[in-house]
Structures are given as structure tokens and as C-alpha cells.
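Note sheet for the following structure.
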Amino acid sequence: MANEHSPLLVHGVYSMMGDAEDSRGGSAVTGEASPKSNPRKLNTFFGVMVPTILSMFSIVLFLRTGFVVGHAGLLHGLLMLCVAYFIISLTILSICAISTNGAVEGGGAYFMISRSLGPEFGGSIGLMFYLAKVCACGVYVLGLVEAILDIFGKDPGSAVSQGLRVLPQGYWYTVLYSSLVLLLCLVVCLVGAHIYAKASFIILLVVTMSLISIIISPLILSPQRFNITHTYGNNHTVTVNPSYTGFNGTTLKNNLGPQYSLDYSTNTMMSFATVFAVMFTSCTGIMAGANMSGELKNPSESIPKGTIIAVSYTFTVYVLLFLLLSSTCDRLLLINDYAVFQRVSVWPPFVMIGVYCASLSAAMCSMIGASRILHALALDQLFGLPLAPAAVTSSSGNPWVSVLYTWGLVQCTLFAGQLNVIAGIVTVFYLLAYAAVDLACLALEWASAPNFRPTFQFFSWHTCLLGIVSCVVMMFVINPVYSSASIVLLLLLLLFLHYHSPTSSWGYISQALIFHQVRKYLLMLDSRKDHVKFWRPQVLLMVANPRSSCQLICFVNQLKKGGLFILGHVQIGDLDVLPADPVQPQYNFWLSLVDKLGVKAFVDLTLSPSVRQGTQHLLRITGLGGMKPNTLVLGFYDNCYPEDYFLQDPVFCEGDRGEGDNFGVDLPSFQAHFPPVRHAESPRALQPEEYVSIIHDAIKMGKNVCLGRYFFQLPPESKGVTYIRGNDNVDTIDVWPTNLLSPGSASYADVSSLFLLQMACVLNMANRWRRASLRIFVCVASESGDQGWLANEEQFRELLGMLRIRAAIKIVAWDNVARMFRGPNSESQKVSEDFLCAVNTLLREHSSTAAVRFLYLPHPPSSSELSQQYLTQLDTLTRDLGPTLLIHGVTPVTCTEL
């Protein structure tokens, strides 16, 4: 049985990808290969805390903390820090809730989002989060190169090397050094995440010792001044003489407020948004542990605990460093030297080692996390062939192809040349990913699904919604252009996946939300408040065998006008003598039929001893609340042997085999499920008396009744095909509102006639029939001397005008036909055969070219003995007419009021 650990069900072009190994679904039960393809070795400390702390300390801690305090001041800096951590704290609550609601597999944030929101949101946000990780890796590599050049780079104004400054500087040299560092990261990541995870503990110790040296330095160092020179352009140099004052109240006071100025590396003016974008890069590591979910022993426990501890620790360290710098360094020093910690450290090389270790570790962590996300996307086969190779893993389970993909993209980001240039892109992408995580948790909470029972309880829909709003607002504060572009990219990915991704077996949160909302609105849909002004057809179409009914199904789909459309079917049987319900397994085949025909219909099947009882059941219980059928549509009862529609439409033909419809219904099983059409030797399952009784029952129950005949003559519906033949031969919809079997009742304004007009008007509103012309035929006794038919015609024209029905009125003189009617009253059993044939000839004479005809259906006889005669009359009346709908209305449906 498919479950959340399964990959997407493949179909179409995606089936070309083959049976790639899925370490989530298949390896869990494959014996010896399982430990290798799904390794889980890391605990909370090594798998979550260490990578999260190192990612959040990274390059920003050592090379941009002074930059933030210098430009923003202590108060604005703390405000930025609190805003950033407030946003990520809300996201962490959502991460903790989702990760403790079930088993978390490889892919981290992508896995949580996709299994919560479905493949469209999961795939699009997962790819955006992957790009964020790629850009973040580029930021860390460029930051590391920047730190290296601060120590070993040649002075831009000097042509010779001085001491350790032996590395030439420039844009292309920066790209070269960055590429070499990235190559080192690639080698480490190809070896495997487990070795990196263990080595990262040593890196964390080095970084911690560096932080300790920074914190104790003001207690040891004495105040001093520095000489710093920057080159702007080709020859313009600026020299400043900042000072280190140690703990000083005046220094702290001067550093309280903001003083945004030019950034010496990019030569651009800083602002709250640009500085916040750089500072927020330090907060983008909160999912470093979640991205290692495939390597964690117990991700549901490790991710919440490790992430919360790591974030609390980093926040404390950042606050201490902000206070330390604003109390000991003047603003000139903070603004003009990214590596201020090295200048004010008791032993600068130790800080330098910490910078290198933290930056290198963060870069490798981002590369590993990004490769795991890409590997998860490839396993789920969301983007088809382009990502198919990324599903390949080594014997130890390392997705080395995903690592190579990631390395190539990070290499492209290195051409930016400056850390601050791409910091804004990284921040926007991360904020969008965080908003998606909050959205996933919000959707789960709003859906009120009983199975959403996270063990982590410190969240609510308020925190999720606030997290989404905070992330989106800060995105546009940082950079409106990048934010708008990222959202457009996200929407494009959503549309692509919506139309091209296979159907998943994970469960769609959209289905839960739709159920929740539909239930709420169905309760609000009060049938007691129905009004004729807002009436619309809600149709129950009884289908014996869809092989002979597909054209009628498609026609009724056009006739429903946004109303309820239900396909009903009665399975003959008795549940008391059956071992199981035979109806339930049939639903998938009928729903597959609905999909193949492209109609907007529900399916309702029932088991009953007779068709009549089954139809009564469906008329009573089908629908819900205010959405219940008001019209019953039946196929016509005659002796014709129907054609098999499945042999006409390529969708159903054997030559158009596919991989199935994603729900276990392939074409051979679909064809085998529905029996062949009725032929000469087939027994009839429905007798005339029962058929007429069904019509009578529906009228008793206050349902309108329609009988459809010859609809197999309509062309098969497919995309781009309409019923309009062309400009030279426009199809018509012909309406005969007179009860043709009762010449004496010439009323055109009774309930049934008006219902017939309304249905024709509704059909004319449908897209496929919009260009068809509506013709109404009025039968009159033109030879009578009183000329009363002229007044009736005028009244009828006024009625059509009041009903806003645009139609051409055709006057048909049927004096000769009416004379053939026999009997003193209008009982249907008194009608002569000659009269019926004459009426049929009249209909064929005037409506032979019509695309469809609407006729008045007389009330069925109350006596079952007259059922065969009633059907014979209808058969003679409509013989060889073409597609015809006989209609008997019992409910008022027209309104002349505003």
C-alpha cells in the first residue's frame, strides 16, 4: 500500500526515468542493502547542534559583526538581531511541530514541506530552498577568501610582496581562490557527511576557543590606534585612524545610534535593509540539522531539541559580541575593518584560525545540506529527467551526483566576487523557505486533521501566521526586486509542478483544507433559503453502461450550468448473500471514467435488488445539505443496439495505452471492468413497467425528469472541438414547448414548458453551445377563424422578453396534424398511430438540421399496464430525429423579478 515513504507515482514522461533506487521507500525492506542505502548514525549533538551552531556562526560572526554594529549602532543592531531571531523562532516552532508529527526522512525542510503541502508546494519551495543553500555556500566561500586575503593578500597600492602578503588581489584572483576553496569542500563532501559531522566537532571546539579569546581580550589589551587604508576605483585611496578604547562609557554612548555610510568593499551606501540582509545571513543555519534528517538516528526527537538549544546558544553569543564591540571599538574601526576581531584579539592568529574553520565548515555544511535536498527532489521524481542522475548514491549512501550538481551551481555564484552582493539574495530565498515552513504548519493546524498530533505543543496557528507575515514583510524590506522575482519564480515552479508532476501518494493538505471549508459552507448552504432567481440544474444521470452513454454524459456536463452533476449506477444484488460490498471497489473505475471524459461530476453507486429501488435510494440520499439533485436524467428506453463509445474515442482505445491513471486503474483493467454493450442476445435488465415507474417515482418526489435519445450521434468531445460546424452552417437548438401528444393543451406558460425553455437557455450559455442559435417552435391552429393564435404568439413573445431569452420564434401550423388526433380528451392512451407518425414527420421536417431538440415529455400513466403503450408513443414521436431531450418539469425555475 502506498504511504508517505513512497516516491511519487510515475506516469507519462516521468516513467522514462526508470526504477531509480529510493532509499526511503524501497531500501527499508531490501535486506543487506538497507543499512548502506539508508544510514542513520548521528545523534542530537553531532547531527543537529554542531552543524546548526557552525552554520549560524560562519563568516558573519567573525567578519560582519563589527560591520553591523558600526553601521547600525548597538540599538539598531540589537533590534535587527531580535527581529531576525523572532522570525526564525517562529519558524523553529513550526519545524518542531512538523518534525514531531511523524517519521522524518532525508531531505529535511523539503521533506517536511512536501509531505505536508503536497508535491507542488514541496517541490517548488524545496528547489527555492536548495538555491538558497547554494547561494549561502557561495557567501561562506567568498567570506573565507576575503578573510584569507586580509592576511595574505598583497597591498593594492604595492607591487611587491611584504611579509606574508604574497597573494595577488583582484576580481579574477578572488574567483580563482574561491574556486580552489570550493574544490576542497567538494572533496570533503564526496567522502561523506559522517566524516564531516565528526570533524565538525573539532571545528566547533576551535571556534569556541576563538570566541573565548575574543571575549577575554578587552580584559588584557590596552587601548591602541590603527592605520587603515582603502582604495576606491583605480587611484583614489582613503586612510583612516580608528582606535580601540577598551571598555569605555563614551565609546558605548557614541555607538548606540545608527550611522549608515559607504561600504568600503562595494562602495554603496548602507541602510537598515542592506545591513539587516547581511546580518540575517547568520540566521539562515537553523535548518542545518533538519537537512541532515536522513543521517539522524531519531530525527523527530533530535531536530526540535538540537535546533532550540543551538539557536539559544548562538543568540546569547551574538548579544555578548554586540555589547563587547560597541563598548570597546570606535565606529571608524567597526566600519572600516571587517576583520576587527583579529585586530583586537589577544592572539590574532587564533581568531584567524577560527574564521577559516567556521567559514569552511559552514560552506561544507551548506553544500551537504543542499545536496541532500536535491537528492530528495530527485528521488521523488518531481522534475523528471534533468534531476534523475541526482538520485544516484554511492555504496555508503552518499549522493555524490547531487554533490557534483551543487558544486557546479555554487561555482556559478562565485562570479559575484563579493559577499555583500549575494547576501540579499540568500536572505530573501531563506525567508521564503521559512515562510513556506510556517505555511505548512499553519495548513496542518487549520485543516484540523485528527492525525496531526505533534508531540511538540508550543505553537499555534497564531505563531504560524505571524511567522509568514514577518518573513514576507522582511523580504520586501530587504529587497523588493529580489523578493518579487523570487515569488514569481515560486509561482512558475508551482504551475509547472501542478501540470507536469506525477500524482503523489503522500496526501495533499489541499484536500484536507477543501474538506474543512466545504463542510463549513455546506452547513451554511440552507435549502430553506433557496430562491427561484438562483435556481440551477442539479442533475442525477443514471448510467447503466458508460460504453453507450459517454456522449450523453458529456452533454449533461454542458447542461448543468455550474450545478451539481452526479453519475448514478445501480448494481443489482443483495448484500445479505454477498461476502463483501461489490460497489466500493468500482469507484476508482468510475472516477477514472470521469477523468478520461473530462467532466465535472461526482459518482454515486448503490447496491439494490432492482434498478427502481436503487434509483429511489440515489434520488433520496445523493448529495449533501443544500446540494441535492433536482433533476433526473435517463437514457431512452428503446430496442436499438447501442454503439461502443470506447471504440471511437482514442482515450479509451487499446492503442493509447499508458501507465495508468495514478490510482491503480490501467487501460486493460478499465476496459475489462465495464461489460460489452447490449446486443441481440443480451437479456434486458430493465422492463418497460419498471422504467416508466422510475419516471413516475421521480415526479412524485418533486424531481424534474429528462429522457435523452440518440445522443450517441453527437461527435466525441475533445479539447478544441465544439459542436459548431462553421460560420456557413451554424448549429441550432430547437425547442418545442407544446405537449405534442395533447393538441388541446396549447399552453406555453405552464411549469413544464417554462422548465423546458430554461434548460434550452442554460445549454445555450455553455461554452460549446454559445454560438448555436436558439429556435422555439410554436404550434398553432392557423385555420381557426378567431385568430386567437396571433394574440397567443404576441403574449409568448412578451414572455420571452421578460425572461430575457433570445430566440427566434417559428410558427408551425399543425391543423392537418391535429385533425388526426382521436378521442374526446387528451389521455395519452387515446392517441392514434397516424397522429404520432404525423407529429414525427412534422418534427423531422422542421428540425432535421438541429444539433439537439428539446421536447415536452408528457406525464407518465398512473397504471403500469399502460407503460408499454406510453413508451411506444414516445418512440414513435422521436424516431430518427437525432439527439433529443424529452423534458418534464415540476419545479418553477424562471423569474421575471430583479
Side-chain angles (χ1 to χ4, degrees), residues 539-557 565-573 581-599 601-619 622 629 632-654 656 661 665-688 690-692 694-695 705-717 871 875 883-885:
V539 182
L540 170 62
L541 171 61
M542 299 302 298
V543 180
N545 188 346
R547 287 180 179 271
S548 58
S549 308
C550 287
Q551 286 103 323
L552 181 58
I553 293 173
C554 295
F555 176 79
V556 175
N557 184 62
F565 181 23
I566 301 171
L567 299 182
H569 175 73
V570 179
Q571 175 83 24
I572 304 299
D581 184 6
V583 168
Q584 293 303 319
Q586 299 184 32
Y587 271 94
N588 273 2
F589 295 97
W590 284 84
L591 291 173
S592 179
L593 171 73
V594 169
D595 292 339
K596 291 179 183 297
L597 292 176
V599 297
F602 297 95
V603 173
D604 214 344
L605 314 178
T606 189
L607 182 70
S608 180
S610 68
V611 176
R612 180 183 180 184
Q613 289 186 25
T615 305
Q616 288 179 5
H617 297 163
L618 292 176
L619 282 172
T622 296
L632 174 67
V633 180
L634 301 172
F636 194 80
Y637 191 97
D638 56 21
N639 294 319
C640 296
Y641 299 113
E643 299 179 4
D644 192 342
Y645 180 83
F646 287 6
L647 301 179
Q648 303 175 25
D649 195 326
V651 174
F652 300 96
C653 291
E654 291 288 333
D656 190 40
D661 67 349
V665 180
D666 56 14
L667 191 57
S669 63
F670 178 86
Q671 290 272 13
H673 175 74
F674 296 107
V677 295
R678 181 170 54 86
H679 51 84
E681 299 179 359
S682 301
R684 301 203 66 140
L686 193 63
Q687 298 305 313
E690 188 176 8
Y691 180 83
V692 176
I694 292 174
I695 300 173
V705 178
C706 302
L707 307 182
R709 190 177 193 187
Y710 294 126
F711 278 92
F712 64 87
Q713 296 180 8
L714 287 178
E717 283 197 33
L871 291 178
D875 177 70
T884 302
L885 200 66

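Given the structure is predicted, the values throughout are model-derived calculations rather than measurements.
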**Message:** Rounded at 0.5 Å granularity, tell me how far CG in Leu632 sits from CD1 in Ile566.
**Reply:**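 The CG atom of Leu632 sits 11.0 Å away from the CD1 atom of Ile566.
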**Message:** As an exercise, state the distance from CZ of Phe589 to CD of Gln671, rounded to the nearest 0.5 Å.
**Reply:** 11.5 Å
Does [X] have any side-chain hydrogen bond (donor to acceptor under 3.5 Å, both in side chains) partners at least two apart in sequence or in another chain, and if so, which?
X: Gln586; answer: Gln571
X: Glu643; answer: Gln648
X: Asp875; answer: Arg709, Arg879

**Message:** Applying salt bridge (charged side-chain N to carboxylate O under 4.0 Å, His left out), can you list everything that pairs with Asp644, at least two apart in sequence or on another chain?
**Reply:** Arg547
**Message:** Going by salt bridge (charged side-chain N to carboxylate O under 4.0 Å, His left out), name the residues that satisfy it together with Asp604, two or more places apart in sequence or in a different chain.
**Reply:** none
Least distance between heavy atoms, [X] atom then [Y] atom:
X: Leu618; Y: Gly568; answer: CD1-CA, 4.0 Å
X: Asn545; Y: Pro675; answer: ND2-O, 2.8 Å
X: Leu885; Y: Gly708; answer: CD1-CA, 3.8 Å
X: Leu552; Y: Gly635; answer: CD2-CA, 4.3 Å
X: Gly614; Y: Thr606; answer: O-CG2, 3.8 Å
X: Tyr587; Y: Leu605; answer: OH-N, 3.1 Å

Between the main-chain N or O of [Y] and the side-chain N or O of [X], is there a donor-acceptor pair closer than 3.5 Å?
X: Tyr691; Y: Leu871; answer: no
X: Ser610; Y: Gln613; answer: yes
X: Asn557; Y: Ala601; answer: no
X: His569; Y: Val543; answer: yes

**Prompt:** Are any non-hydrogen side-chain atoms of Leu593 and Val603 less than 4.5 angstrom apart?
**Reply:** no
**Minimum side-chain heavy-atom gap Ile553-Tyr645 below 4.5 Å** = no
Listed by chain and number, what are the ring pair (Phe, Tyr, Trp, His ring centres under 6.0 Å) partners of [X], not counting sequence neighbours?
X: Phe565; answer: none
X: Phe674; answer: Trp590, Phe670
X: Phe711; answer: Phe555

Mind checking side chain to side chain contact (heavy atoms under 4.5 Å, CB included) for [X] and listing every partner two or more places apart, or none if nothing turns up?
X: Ile572; result: Val570, Val611
X: Thr884; result: Arg853, Leu855, Thr878, Leu881
X: Gln616; result: Arg612, Asp697
X: Pro676; result: none

